[in-house]
Amino acid sequence: MLRSIGPVSRFGRSFTAVTATAATLAVTAMSLAASPAAAAPTASPAAASTTAKPGDTCTASDLGTRKPYIKSTEVSPTITHFKGWFVTEGTTGNHVVTTSTQTVIAVSVGATAGFEGSFPVQTLTAAGASLGLSVKVDASSTSTESNAVTWNFNQPGYYGVYKGTKKVTGTYASLNCNRVQQSGGGWALKWIEGPGGGNFTTFTTLEEGAVRCQDSVPANSIMAKAQGLLDCGSPAAKAERPAGAVPPTAKQKRDRLEQRQAATGGTVAGQPKVAGKPKADGPGAKAGAPIAKADLSCGSELYRITVPGKPLSWGAPHLRADSVRLRPSTIFSGNLDQWRLCNVTERDGVMEATLWNLGNQACANIFPQNAGTDQTPLMMESPCREDDLQRFYIYRDVPGSSKIGVQNKYTGSMMGHDRYADGESVRQYSSGRQDGTGTYTLNRV
């Protein structure tokens, strides 16, 4: 048997890396307007980076973050490149074989299949770690690999020259930190399964080799998959032929046709999920879909969304083309620092609301053309629209603390800021700000 231990094609290093129950506005105001008291301790950056599971304890500094949780995985040995090759007496030795693409595996995470921000990378890193495998964690595909295989054939025979990998697929959930009532009546901050789960696909480093029909190989291995492509039971496999390339079998042709049809008929890897403005009842509407004007039901309570223990708070812009920024609250703020919560609902302890600003009479919004981009700024829009780009989940600290985390419903990204400074834009981050700067306070005016 010829062992598959020849030269191996190498990639660059792998990167490490919500019945909805309507909550009355009166109850909402009471729970959110409580003065800061027993706030949870702040987590260190190292603690924030550890793997979390549903039900694990989190802290107030995690309110503005989210983490991936791997729910299931599957590993499938897959042949990506293949060529039948015949070696005769006198033609043994080194051959450079140009293989044909057999299967294309593209790295993807969720519907976006993109890699804006850190959440997709963290998802794939967690999947690899759960399996003990080094997997690709960037936007890549097996079709970008060289298809040439250099192999030393030391015996005559009919060979399958291949490149293959372990295709890793599975499902993941998005975990958010929120207050949870305990069986004894008290409250604690726990990681809960929030919105934003989906499927992922990645693969390990490509291997290459050559295998014959008579070789004994491990079942369900990459070599066994390659051997199956040789069509060893057919007369053609045993026929004498000139040295060199062997025409593809009927099975190989069918497999390649199916691959091409899948590639042209399905969603292109890397295509953002934001193809147009989302519908009022969910994401993913086609461009040009009608958008209903929101009939907002806002509470009378006004709030400031502030940086904990510091004077700067979310300030809506005077000009609609500008973003929401950190601003000091003064007599000159023109009510741009005051927000109402509108159309409030609650599900599984997580609030959902539209953020309406008193100063410019508009709603906080992520523009659809930028929804798939990490660090895109939080903007304002009027008239307000009741769609998911203007809806936000609010994760709350335990009663007695007004600390919150804010997440856009459509994009799944958390709101935060790069640095604490007057005029700094509030932006979306796919995993949130792991240093705790995505945790704010919701203080009643």
Side-chain angles (χ1 to χ4, degrees), residues 4 6-12 14 72-85 96-110 113-115 124 127-128 131 133-151 158-171 198-213 215 217-232 234 237 245-271:
S4 175
V8 177
S9 172
R10 299 183 183 272
F11 287 111
S14 295
S72 67
T73 56
E74 182 178 348
V75 180
S76 305
T78 304
I79 300 302
T80 59
H81 304 76
F82 185 85
K83 175 71 72 175
W85 197 259
V96 178
V97 182
T98 301
T99 61
S100 299
T101 299
Q102 185 72 26
T103 300
V104 176
I105 304 173
V107 180
S108 64
V109 178
F115 282 82
L124 296 179
L131 295 167
L133 295 174
S134 178
V135 300
K136 294 294 291 181
V137 294
D138 60 352
S140 60
S141 166
T142 56
S143 63
T144 62
E145 290 294 297
S146 168
N147 62 350
V149 175
T150 301
W151 201 257
Y158 176 40
Y159 292 87
V161 182
Y162 65 89
K163 286 190 175 185
T165 186
K166 295 176 181 178
K167 180 180 180 181
V168 180
T169 58
T171 60
N199 303 316
F200 65 84
T201 299
T202 185
F203 57 93
T204 61
T205 301
L206 262 66
E207 303 174 11
E208 63 184 36
V211 63
R212 300 176 300 173
C213 291
D215 290 336
V217 299
N220 201 35
S221 64
I222 294 175
M223 290 183 70
K225 295 292 183 181
Q227 192 179 60
L229 292 175
L230 280 172
D231 199 14
C232 293
S234 70
V246 176
T249 66
K251 183 180 186 317
Q252 294 170 36
K253 291 178 180 179
R254 287 196 304 271
D255 289 346
R256 293 171 191 170
L257 178 60
E258 289 171 0
Q259 282 289 318
R260 286 195 295 269
Q261 290 173 338
T264 57
T267 301
V268 178
Q271 179 71 27

Original post:
At what distance, to the nearest 0.5 angstrom, does CD1 of I105 lie from CD of E145?
Top reply: 11.0 Å

Subject >> Where T150 and E208 come nearest, the two heavy atoms and their spacing >> reply: O-OE2, 4.1 Å

Subject >> Listed partners of A226 passing side-chain contact (heavy atoms from CB on, under 4.5 Å), at least two apart >> reply: I79, F82, Y162, V211

Original post:
Rounded to the nearest 0.5 Å, what separation is found between the OG1 atom of T165 and the CG atom of L133?
Top reply: 9.5 Å

**OP:** Report the residue from T142, I222, T101 that forms a side-chain contact (heavy atoms from CB on, under 4.5 Å) with T80.
**Re:** T142

Subject >> Listed partners of S76 passing side chain to side chain donor-acceptor pair (under 3.5 Å), at least two apart >> reply: none

**OP:** Answer yes or no: is there a donor N or O on one side and an acceptor on the other, between the side chain of N147 and the main chain of S100, under 3.5 Å?
**Re:** no

Original post:
Which value, rounded to the nearest 0.5 Å, describes the distance between K163 atom NZ and Q102 atom CD?
Top reply: 14.5 Å

Original post:
Got K136 and D138 here, is their nearest side-chain heavy-atom distance under 4.5 Å?
Top reply: yes

Subject >> Worked check of side-chain contact (heavy atoms from CB on, under 4.5 Å) between K166 and L131 >> reply: CA-CA 11 Å; K166 295 176 181 178; L131 295 167; over 6 Å; no

Original post:
Is a side-chain donor or acceptor of E74 paired with a backbone partner of V168 at a separation under 3.5 angstrom?
Top reply: no

Original post:
Can you list the residues that meet the side-chain contact (heavy atoms from CB on, under 4.5 Å) rule with T171, with sequence neighbours excluded?
Top reply: K71, S72, N199

Original post:
Among all residues two or more places apart in sequence or in another chain, which pass the side-chain contact (heavy atoms from CB on, under 4.5 Å) test with S143?
Top reply: V104, S141

Subject >> Atom of T201, atom of A106 and distance for their closest heavy-atom approach >> reply: CG2-O, 3.7 Å

**OP:** Could you tell me whether the side chain of V149 reaches within less than 4.5 Å of the side chain of K83, counting heavy atoms only?
**Re:** no

**OP:** Locate the shortest heavy-atom distance separating A224 from P218; write the atom from each residue and the value.
**Re:** CB-O, 3.4 Å

Subject >> Nearest-0.5 Å distance, CH2 of residue W151 to CH2 of residue W85 >> reply: 14.5 Å

